[in-house]
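Down below is the structure, laid out as structure tokens.
All chains are named by letter (A, B, ...) in the order of the sequence lines, taking the proteins before the strands, and each is independently numbered beginning at 1.
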Amino acid sequence: MPGWAEVLVGPVDAVAPRLLGGLLTHGGVTVRLTEVEAYDGADDPASHAYRGITARNAVMFGPPGRLYVYFSYGMHWCANVVCGPDGRASAVLLRAGEVVAGERVARERRGGRSGADLARGPANLTQALGIQRHQDGLDLTGHLELSATPVPEAAVATGPRVGVSVAHDVPWRFWLRDDPTVSAYRRSPRAPRD
DNA sequence: CTGGGGATTGCCT
DNA sequence: GGCAATCCCCAGC
């Protein structure tokens, strides 16, 4: 059994930062993850799993180490890594990464954009990797490679999640401090004012 | 069956 | 900073 799946079991806010620096490969492109966001299943009002299992979020309720893919704003696909334990319905949204292999393919998918813009933002990262609806539920064995030694805690920054209109006070966005590929923070237009 | 809204992005002023 | 694009999801009737 893949040892890395063990890393995905635990409190999702502890699991999420462990993905930073990990390598995700799909469609001929490899991305080094630089920014992620944690969603805590049924307990998290911002999670797609908050209102229980549906056809869309069913993968979240399954075993860890699989890809949860959803369609957003009528045009974008976004990807999560499902975390455990089985039935917990926690997931980590992949928000940004650095393309470290397959840059030529990634650039074609991203309409000529390059450099830090290739996989900056969850929909951009997903597009660069060529992930769409068909990859919902994909077993990440052989796709996701986590480093044996996590990045130093001091290199990880935390902050509020991007775009969510509820539970905006929960600092469950994690990114590599000072990394140029990290997406710009955008508060949800529907989030309550302070 | 229907309608409001969304874990976004990129182009506009 | 504002906002349109675009369609699937799901809560509610």
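No engagement by A:Arg161 is indicated, since no non-hydrogen atom pair under 4.0 Å with the nucleic acid exists. Within the 4.0 angstrom heavy-atom criterion, base atoms lie near A:Ala46. Counting any heavy atom pair closer than 4.0 Å across all strands shown, A:Arg113 reaches sugar-phosphate atoms only and no base atom. Residue-level contact check: A:Asn80 touches the bases, meaning some heavy atom is under 4.0 Å from a base atom. A:Thr54 comes within 4.0 angstrom of sugar-phosphate atoms only, judged by non-hydrogen atoms across all strands, and of no base.
Taking a heavy-atom distance under 4.0 Å as the criterion, the stretch of DNA chain C touched by chain A extends 5' to 3' from C:dA5 to C:dA11.
Across all non-hydrogen atoms, the minimal contact from A:Val12 to A:Trp172 is CG1-CZ3, 4.1 Å. When all heavy atoms are compared, the tightest approach of A:Gly22 to A:Leu146 is CA-CD2, 3.9 Å.
Using a 5.5 Å limit on the distance between ring centres and a 30° limit on the angle between planes, the aromatic ring of A:Tyr73 counts as stacked on the six-membered base ring of B:dG6.
Secondary structure note: stems in DNA chain C built from 3 or more consecutive Watson-Crick or G-U wobble pairs under 3.5 Å occupy B:1-6 with C:7-12, B:8-12 with C:1-5.
For A:Arg186 against B:dG10, a side-chain-to-base donor-acceptor contact under 3.5 Å is present.
Annotation: C:dT6 and B:dT2 have their P atoms spaced 23 Å apart (nearest Å).
Of the residues A:Arg95, A:Arg120, A:Arg177, A:Arg161, the one that meets the salt bridge (Lys or Arg N to Asp or Glu O under 4.0 Å) test with A:Glu35 is A:Arg95.
The salt bridge (Lys or Arg N to Asp or Glu O under 4.0 Å) search around A:Arg18 returns none, not counting sequence neighbours.
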